[in-house]
Asks: 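Below are the structure tokens for one structure; questions will follow.
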Amino acid sequence: MFLSFRLSDRVPKYNLYGRLHETLDLSFLYRYTKELYGSTGNPSIDPVVFFKLLITGYLENITSDRKLLEHCSMRMDVLYFLGYDLDEELPWHSTVSRTRQLYPESLFEKLFSKVFALCVESGMVSGHTHG
């Protein structure tokens with residue numbers, strides 16, 4: 001028996017994460033991060049997924065990588081925002097922590113601020129809480 005299930009069909013059009021998924025273009029992150037990622041070793045977290053995880057943590061007020069990944073794995077709307085399907089494993093929390101350490105502090109702050117600003121510009125996130 002085959003079931004037809006599309007995550008995109010299960011996330012309401014008015015949902016914050018669904019709207020962010022449809023609106024945000026974070027492809028600029030590849031240009032800024034390509035020097036930080038090697039081509040050997042274990043697969044890295046895609047920079048777009050990494051910053052979407054961080055934005056989710058910020059919006060949900062989750063400061064622990066372990067709790068963030070647990071939270072994301074249980075939310076269909078967040079999985080859709082991240083570009084994951086129900087049967088796909090999210091990165092390990094330790095991989096998220098190690099990825100954060102790849103970034104020089106100034107670059108990390110610049111990119112996170114830019115991603116957050118795009119969320120604000122989209123009209124879906126209030127900018128008064130970011131400082």
Asks: Holding to ring pair (Phe, Tyr, Trp, His ring centres under 6.0 Å), I want the full list of residues that pass it with Y17, two or more places apart in sequence or in another chain.
Replies: F81

Asks: Quick check on R10: does its CZ atom have over 12 non-hydrogen neighbours (other residues, nucleotides or ligands) under 6.0 Å away?
Replies: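 Counting other residues, nucleotides and ligands, CZ of R10 exceeds 12 neighbours.
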
Asks: With rounding to the nearest 0.5 Å, note down the distance linking CG in L20 to CG in L59.
Replies: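 The CG atom of L20 sits 7.0 Å away from the CG atom of L59.
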
Asks: Within this structure, what is the CG-CZ distance for the pair D46 and F51, rounded to the nearest 0.5 Å?
Replies: 11.0 Å

Asks: Closest heavy-atom contact between S73 and L79?
Replies: O-CD1, 4.1 Å

Asks: Could you tell me which non-hydrogen atom of V11 sits nearest to which non-hydrogen atom of G18, and how far apart they are?
Replies: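 It is CG1-CA, 3.9 Å.
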
Asks: Classify the ring geometry of Y32 against F28: parallel below 30°, tilted from 30° to 60°, perpendicular beyond 60°.
Replies: perpendicular

Asks: For S94, give me all partners under side chain to side chain contact (heavy atoms under 4.5 Å, CB included), at least two apart in sequence or on another chain.
Replies: W92, R98

Asks: R100: which residues meet the salt bridge (Lys or Arg N to Asp or Glu O under 4.0 Å) condition with it, sequence neighbours left out?
Replies: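 For R100 the salt bridge (Lys or Arg N to Asp or Glu O under 4.0 Å) partners, ignoring immediate neighbours, are D65.
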
Asks: So which pairs with a foot in residues 25-36 pass salt bridge (charged side-chain N to carboxylate O under 4.0 Å, His left out), sequence neighbours left out?
Replies: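 Of all non-adjacent pairs touching residues 25-36, none passes salt bridge (charged side-chain N to carboxylate O under 4.0 Å, His left out).
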
Asks: Do any pairs count as a salt bridge (charged side-chain N to carboxylate O under 4.0 Å, His left out) and have a residue in residues 68-84, sequence neighbours left out, and if so which ones?
Replies: E60-R75, R75-D77

Asks: Test of understanding: with side chain to side chain contact (heavy atoms under 4.5 Å, CB included), list the residues that count as partners of E88, not counting sequence neighbours.
Replies: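 Scan of E88 (side chain to side chain contact (heavy atoms under 4.5 Å, CB included), adjacent residues dropped) gives Y84, D85.
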
Asks: Would a line drawn from the ring center of Y103 to the ring center of F50 be shorter than 6.0 Å?
Replies: yes

